[in-house]
Structure formats: C-alpha cells, structure tokens
Amino acid sequence: MQNNTDENFNEDFERLMKQFLSEEYKDVKLDDMQTEDEEDPFPEDEDVDEDVDEYEAEDNTPTEKADDICTGSPLPGDIIEQNQNVRVKVEILRPIDNPQEELQKLVGCGNIKKRMDELMALTAYNRMLHEQFPELKQHLVSLHSLFLGNPGTGKTTVCKIFGALLHEAGALSKGHVVICDRGTFIGTLWGDEERAVRQVLQMAQGGVLMIDEAYLLNGKNENDPGKIIVQLLMNLLADESQRDIAVVLCGYKEPMNELLETNPGLLSRFPNRFEFADFSVDELLEITSRRIEEYSYRFTVKAWQKYTDMIALAFSARDTETWGNARFIANQLERIYIQHATRCVKQPPKNHNDLLLITPEDIVPIEMPRRKNRIGFGV
C-alpha cells in the first residue's frame with residue numbers, strides 16, 4: 001500500500017513539474033500578469049523596528065487599521081502629519097489573546113516573566129483595593145518602562161504581551177501597541193516634533209507607545225532635535241490626564257543608560273526596568289524546534305547534529321554588539337528552507353513524507369554580521 005502511495009506521489013510530482021515548466025508558461029510576460037494600474041503584490045519592504053524581528057516576530061503580526069484593533073473602541077488612524085507636506089505611517093499592533101499564556105510560553109526570559117508578574121500583581125491589587133475601599137489612597141503605579149537588550153531578544157514580542165496584560169488588569173483601556181522610532185518624530189519644519197509627539201501620544205491612548213532605539217534621540221549635536229522629543233515626552237507625561245498609556249523606551253543597554261544620564265528626570269518617569277539577556281545555545285535550539293514545528297518540518301539525526309554544531313560555533317564567534325539572537329535563527333532557517341526546497345525540486349524525493357525532512361545537505365550557514373568586516377563561518 002505504501003509503495004502505491006509513493007508511486008502515485010512520484011507521478012503527481014512529475015506531472016506538476018512538467019506542467020510548471022511547460023511551454024504554456026514560458027511565453028507569459030510580466031506585462032500580461034500585472035498592469036501599470038495594479039498594485040505590486042510584493043512591494044519592497046519598508047524599514048521596521050529591530051524586534052519585529054525578533055523571536056516570534058518576529059512575530060509577524062500584521063498592522064491593522066486602527067478601527068479594527070479594538071471593537072467598540074475606535075482609535076485614531078495610523079498616519080501622523082508632521083506638517084502639511086510630510087505624513088508618516090506608524091505601525092499599530094493589535095492586542096493579543098491570552099497574554100499570560102503567551103508570556104509563559106516564551107523561551108527563556110525568566111527575569112522578564114518574574115518582573116512582569118510582579119507589576120501585574122501590583123496593578124491588579126491596586127484595582128481590587130480601589131473597588132473595596134474607594135475612599136483610601138491608592139498606590140501610584142507607573143506603567144512607563146525601559147526594555148533594554150540586543151536585537152532579537154524579544155522586546156517587541158514582550159511589548160505586545162505587556163499591553164494586553166495591562167488591558168486585562170484594567171490598567172489600560174485598549175491594550176494595543178504603537179511602534180515609533182526617531183524618524184516618526186523628527187520633521188523638516190519648526191514645530192514638527194511637538195506636533196508628532198502629541199499625535200503619537202493621542203494614537204497610543206489606552207495602549208502602549210513603544211519607541212524603538214530610543215537612544216537615537218540622544219544626538220551628539222547639542223542642538224539635535226531628538227533632545228526636544230525627550231523633553232516633550234517628559235512634559236506631556238507629567239500631565240495627570242495621560243494615565244491611560246504606557247510608554248516603553250527600547251534599545252541597547254549601554255546607549256540607553258547614556259540617554260538616561262542626560263536627563264535625571266527620565267529615571268523617575270520610567271521606573272520599570274526590564275533587561276533582555278541574549279539567548280543561550282540551548283534556548284536558540286528550543287526556538288528552532290518551535291519554529292520548524294510550525295511548518296511540520298523534521299531534521300534527520302545527522303542534520304540536527306550538524307545544525308547544533310553550527311549554531312554553537314556561531315554563538316561562540318558572535319559579536320555581542322551585532323548578534324541577532326532569535327533573528328539570527330529566523331534568517332538561518334530561511335536559508336535552510338530555501339536550500340531544502342531547491343533540493344526537493346531538483347531531486348524529487350521518493351517518499352512524500354521526505355518533503356518535510358531536513359537533511360545535512362540542506363544545512364548551509366549564513367554570514368554573520370560584524371561591526372567592521374562581515375565574516376562568514378563554516379562547519
């Protein structure tokens with residue numbers, strides 16, 4: 001019975017490949033497939049935040065129109081106007097379901113989970129206390145936070161969970177996440193920065209405002225407009241009406257510390273400090289297992305051994321300032337998937353189950369980023 005199945009699979013595979021390579025497709029021109037008026041279904045990627053790539057991004061949560069994010073709670077659109085001539089699109093992530101479950105599913109991040117649980121407990125306790133004893137003075141719980149760590153350590157993923165958790169705890173009315181960076185705020189005309197900050201804060205009301213690579217606001221030039229952004233945030237967050245929002249500043253630990261030192265008030269405004277450590281080799285392998293499981297791939301024993309040796313070598317040779325953590329794993333697996341697909345097309349497998357089997361020849365190392373020279377590694 002199995003032989004018949006495999007024979008049918010081989011026949012079907014050959015037929016599909018012949019059809020794909022037939023003369024019928026060779027004369028098809030691009031102009032016949034897409035007119036000038038049609039939108040390119042594969043537009044060039046725009047620059048996105050460093051963690052959107054990150055573990056689980058990685059997390060490919062699509063940006064939703066604001067009105068679709070929270071049913072019954074319409075939000076502003078995802079476009080801000082710096083001035084009459086400059087409009088900037090801002091990424092908005094909808095709140096996720098079951099945030100506590102998603103938090104516990106994260107690989108590693110033990111200290112992050114503990115700190116997050118503590119903050120949620122205090123927030124929930126404060127709410128219960130107010131319901132039972134409304135006349136008593138409440139604890140002032142600041143939601144503004146610092147997310148410090150290298151790329152690919154899960155900052156964007158945790159930020160999405162953070163917003164949803166705060167919404168469940170009753171601290172935020174909506175729980176969405178608005179992602180910005182320096183380019184969101186810096187305009188071309190006098191006053192653009194203040195207009196941008198006010199619009200973004202309005203857009204993030206009820207949710208989380210995540211400013212990625214926030215240390216870039218600390219420009220070396222004394223008159224750098226980024227410094228205005230920091231001061232504007234400080235002034236606006238001092239307003240008691242801005243309680244229904246959590247601002248999260250993200251970035252590398254050392255540059256972020258330098259930013260904090262430039263303005264002593266920042267530390268008091270952002271009391272919640274979350275430090276995201278690099279993943280260990282074992283954690284990177286766990287992330288790999290979870291990712292390939294999504295596609296039902298399997299490694300042969302030899303392929304897995306080759307892969308683990310390669311990851312261990314990459315980890316030991318990493319540059320700590322450019323190492324991509326889970327993003328590196330995502331890029332490495334993408335290379336493996338392409339190699340595997342190419343092999344299966346050129347050498348059709350005899351067994352249909354082998355279409356999902358990763359072999360040693362599919363394991364091809366990618367180049368590792370370096371600060372100065374880009375140096376590859378091999379096994």
Side-chain angles (χ1 to χ4, degrees), residues 49-59 61 93 95-96 99-124 126 139-169 171-172 175-181 204 207-218 230 233 237 245-261 263 265-280 283 287 320 323-327:
D49 129 64
E50 59 91 44
D51 278 326
V52 170
D53 46 148
E54 59 194 17
Y55 168 56
E56 297 213 11
E58 2 349 18
D59 342 42
T61 304
L93 305 179
I96 63 174
Q100 187 59 241
E101 179 181 336
E102 293 301 317
L103 178 65
Q104 298 308 320
K105 282 166 54 177
L106 292 179
V107 174
C109 301
N111 64 318
I112 301 296
K113 296 173 184 176
K114 183 175 182 296
R115 288 282 294 112
M116 198 71 69
D117 285 341
E118 291 172 348
L119 182 57
M120 292 306 109
L122 179 57
T123 302
N126 209 37
H139 295 285
L140 292 178
V141 182
S142 175
L143 307 178
H144 307 317
S145 306
L146 301 171
F147 281 16
L148 311 179
N150 290 331
T153 48
K155 295 189 291 297
T156 299
T157 299
V158 172
C159 208
K160 289 192 296 183
I161 294 173
F162 189 42
L165 282 173
L166 289 172
H167 175 58
E168 282 195 353
L172 293 177
H176 62 295
V177 179
V178 176
I179 299 179
C180 301
D181 56 20
V208 176
L209 170 59
M210 174 180 169
I211 302 181
D212 189 36
E213 296 183 318
Y215 55 86
L216 293 178
L217 297 176
N218 183 30
V230 175
L233 282 172
L237 292 178
I245 187 174
V247 179
V248 178
L249 304 183
C250 299
Y252 294 101
K253 183 177 179 179
E254 291 308 318
M256 287 295 291
N257 285 334
E258 293 176 7
L259 171 64
L260 296 173
E261 290 173 0
N263 192 323
L266 279 174
L267 279 175
S268 62
R269 295 290 182 202
F270 295 85
N272 306 305
R273 186 183 181 99
F274 297 90
E275 296 196 14
F276 292 72
D278 285 348
F279 291 111
S280 67
E283 289 169 342
I287 291 171
T320 56
W323 176 241
N325 286 284
R327 184 187 301 173

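All figures in this text were calculated on a predicted structure; none of them were measured in a lab.
Residues Ile211 and Val248 form no side-chain contact, since every pair of their non-hydrogen atoms from C-beta on lies 4.5 Å or further apart. Using a 4.5 Å heavy-atom threshold, the side chains of Leu143 and Ile245 count as separate. Residues Asp181 and Glu213 have side chains not in contact (no heavy-atom distance under 4.5 Å, counting atoms from C-beta outward). Using a 4.5 Å heavy-atom cutoff, the side chains of Val178 and Val208 are not in contact. Using a 4.5 Å heavy-atom cutoff, the side chains of Val158 and Phe274 are not in contact. Contact annotation: the side chain of Tyr252 approaches that of Pro151 to within less than 4.5 Å [non-hydrogen atoms, C-beta and beyond]. At least one side-chain heavy atom of Leu260 sits less than 4.5 Å from a side-chain heavy atom of Leu146. Side-chain contact between Lys114 and Asp117 is absent, with no heavy-atom pair separated by less than 4.5 Å.
Between the side chain of Gln104 and the backbone N or O of Glu101, no donor-acceptor pair lies under 3.5 Å. A distance-only check finds a donor-acceptor pair linking the side chain of Lys113 to the backbone of Gly108 [under 3.5 Å]. Remark: side-chain polar atoms of His144 are paired, donor with acceptor, to backbone N or O of Val247 under 3.5 angstrom.
When all heavy atoms are compared, the tightest approach of Ser142 to Pro271 is OG-CD, 3.5 Å. Closest non-hydrogen pair, Ala246 versus Leu172, comes out as N-CD2, 4.1 Å. Shown here for Leu249 and Ala214, the closest heavy-atom pair between the two residues is CB-CB, 4.0 Å. The nearest pair of heavy atoms linking Thr123 to Ala169 is CG2-CB, 4.0 Å. Here the closest heavy-atom approach between residue Gly152 and residue Asn325 is recorded as O-CB, 3.3 Å.
To the nearest 0.5 Å, the span separating CD on Glu168 from CE on Met120 amounts to 10.0 Å. Distance check, rounded to the nearest 0.5 Å: CG of Leu217 to CG of Leu233 gives 7.5 Å. To the nearest 0.5 Å, atom CD of residue Glu275 and atom NZ of residue Lys155 are 11.5 Å apart. Between the SG atom of Cys250 and the CE atom of Met256 there is a distance of 7.0 Å, given to the nearest 0.5 Å. For the atom pair Ser145 OG and Leu119 CG, the distance stands at 6.5 Å (nearest 0.5 Å). Here Thr157 contributes atom OG1 and Leu93 contributes atom CG; the two are 9.5 Å apart, rounded to the nearest 0.5 Å.
Between Phe162 and Phe147, the two ring planes are tilted [angle within 30° to 60°].
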Test side-chain contact (heavy atoms from CB on, under 4.5 Å) on Asn150 and Phe276 and set out the steps. CA-CA 7 Å; Asn150 290 331; Phe276 292 72; over 6 Å; no
